[in-house]
Amino acid sequence: MKSFLLAACLGATAFTAQAQDKFTVSGKADLVSNYVWRGIDQGSGFSVQPQLGLSYKGVFLTAWGSQSLTRGDAQEFDLTLGYTWRGLTVQVADLWWGGLSQPYGYYKHGPKNNPLDGGHHFEGTVSYRISDKVPLTLSWNTWFAGADVRRANGNRCFSTYINAAYDVALPAAITLTPSVGFTPWRGYYHDKAAVTDISLKAARDMAWNDKFTLPLSVQVVVSPPRDHVYLVAGVSVGF
């Protein structure tokens with residue numbers, strides 16, 4: 001254990017030394033025609049999704065939200081703390097989508113407390129993008145605490161989502177991204193191991209002038225477990 005901790009500390013020190021020594025603040029707001037997350041319709045319809053980000057030496061903290069503009073109570077607020085070095089990102093997140101009518105500070109969950117609907121879900125994520133020449137991104141996401149328990153017995157599900165995405169550069173500055181999502185066992189995403197979503201996204205930054213661009217995207221999402229297809233359009237502004 002001591003050897004492991006020493007190696008981890010030395011590795012973290014080396015990573016930090018090579019990270020960008022600069023504090024940055026970023027913000028953006030996305031407008032989406034529908035909020036579909038990992039193949040699951042979140043019931044929000046047309047939504048605005050703002051994000052505030054802080055980063056320093058590879059460490060980042062983001063606050064992200066989604067607010068429905070057509071369906072009243074649908075609201076989400078996520079906090080994420082992570083570290084990026086080259087193509088590797090490790091992060092933990094508090095995902096909350098209790099809605100406007102639910103208290104944010106309620107953390108107790110159990111079989112009698114509607115554990116799978118709303119509340120806080122704590123997730124650990126490891127993702128890796130191979131390189132610019134091989135733009136394949138692989139990610140593993142697991143809920144390790146919070147409301148992710150079964151109603152019948154209260155046992156934790158450890159709901160897990162695995163994703164692979166590949167960026168393809170096309171003419172006219174268009175990026176085409178096919179991706180596939182998978183869950184290896186029973187949990188939030190499906191009642192057994194299954195492919196959760198298959199998607200194809202086209203994105204392009206539309207230049208209005210020398211100083212302003214408007215990123216646009218259109219995405220087809222197929223959800224095999226739900227036998228459903230979604231077509232989602234989005235536009236983003238930010239700094």
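This one's a predicted model, so the numbers in the text were calculated from it and none came from an experiment.
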Would you call the rings of Trp97 and Trp143 parallel, tilted or perpendicular, taking 30° and 60° as the class edges? tilted

Shortest non-hydrogen contact between Ser47 and Ser68, atoms and distance: OG-CA, 3.7 Å

With a 3.5 Å distance limit and no angle check, can you tell me whether Arg204 reaches the backbone of Ala172 through a side-chain donor-acceptor pair? yes

Min side-chain heavy-atom separation Asn141-Ser139 under 4.5 Å: yes

Applying the 4.5 Å side-chain criterion to the ILVMFWY set and letting contacts propagate, would Ile130 and Tyr166 be lumped into a single cluster? yes

Is Arg71 close to Ser44 at the side-chain level, that is, under 4.5 Å between some pair of heavy atoms? no

So, does Asp148 use its side chain to make a donor-acceptor pair with the main chain of Ser159 at under 3.5 Å? yes

Any side-chain heavy-atom pair from Pro184 and Phe182 closer than 4.5 angstrom? yes

Identify the two heavy atoms, one from Asp30 and one from Ser236, that lie closest to each other, and give their separation to 0.1 Å. OD1-OG, 2.7 Å

Please tell me if the side chains of Tyr161 and Thr183 come closer than 4.5 Å, counting only heavy atoms from C-beta onward. no

Would you check if Lys57 and Tyr83 make a side-chain contact, meaning some heavy-atom pair closer than 4.5 Å? no

Please name the pair of heavy atoms, one in Ser217 and one in Lys201, separated by the smallest distance, quoted to 0.1 Å. CB-CE, 3.6 Å

Val235 and Leu69: same hydrophobic cluster, using ILVMFWY side-chain contacts below 4.5 Å? yes

Measuring from atom OH of Tyr128 to atom CG of Leu138, what distance do you get when rounded to the nearest 0.5 angstrom? 9.5 Å

Are the side chain of Thr160 and the backbone N or O of Phe158 linked by a donor-acceptor pair below 3.5 Å? yes

Quick check for you: to the nearest 0.5 Å, what is the distance between Thr175 atom OG1 and Asp167 atom CG? 6.0 Å

Counting only heavy atoms from other residues, nucleotides and ligands, does the tally under 6.0 Å from CG of Asp132 exceed 12? no

Heavy atoms only: give me the nearest Ser33-Leu231 pair and the separation to one decimal. OG-O, 4.0 Å

Given Thr80, which of Gln91, Glu123, Gln51 fulfils the side-chain contact (heavy atoms from CB on, under 4.5 Å) condition? Gln91

Would you indicate whether the side-chain heavy atoms of Ile198 and Val220 approach each other to under 4.5 Å? no

Measure the spacing between CG of Leu95 and CD of Glu76 and express it to the nearest 0.5 Å. 6.5 Å

Identify the heavy atoms of Asp41 and Tyr230 that sit nearest to each other, and give their distance. CB-OH, 3.5 Å

Atom CD1 of Ile40 and atom OH of Tyr35: how far apart are they, to the nearest 0.5 Å? 10.0 Å

Below 30° counts as parallel, above 60° as perpendicular, anything between as tilted: where do the rings of Phe77 and Tyr104 land? perpendicular

Side chain proximity check, Tyr188 to Cys157, heavy atoms < 4.5 angstrom: no

Provide the closest heavy-atom pair for Arg129 versus Pro135 in the form atom of the first, atom of the second, distance. NH2-CB, 3.2 Å

Flag side-chain contact, heavy atom, 4.5 Å: Val126 against Leu88: yes

Evaluation steps, side-chain contact (heavy atoms from CB on, under 4.5 Å), between Leu81 and Val59: CA-CA 8 Å; Leu81 176 65; Val59 178; 4.2 Å; yes

Could you give the distance from OH (Tyr189) to CZ (Arg226), rounded to the nearest 0.5 Å? 10.5 Å

OG/Ser26 to CG/Leu54 distance, rounded to the nearest 0.5 angstrom? 7.5 Å

Ignoring hydrogens and geometry, is there a side-chain-to-backbone donor-acceptor pair from Arg38 to Ile162 under 3.5 Å? no

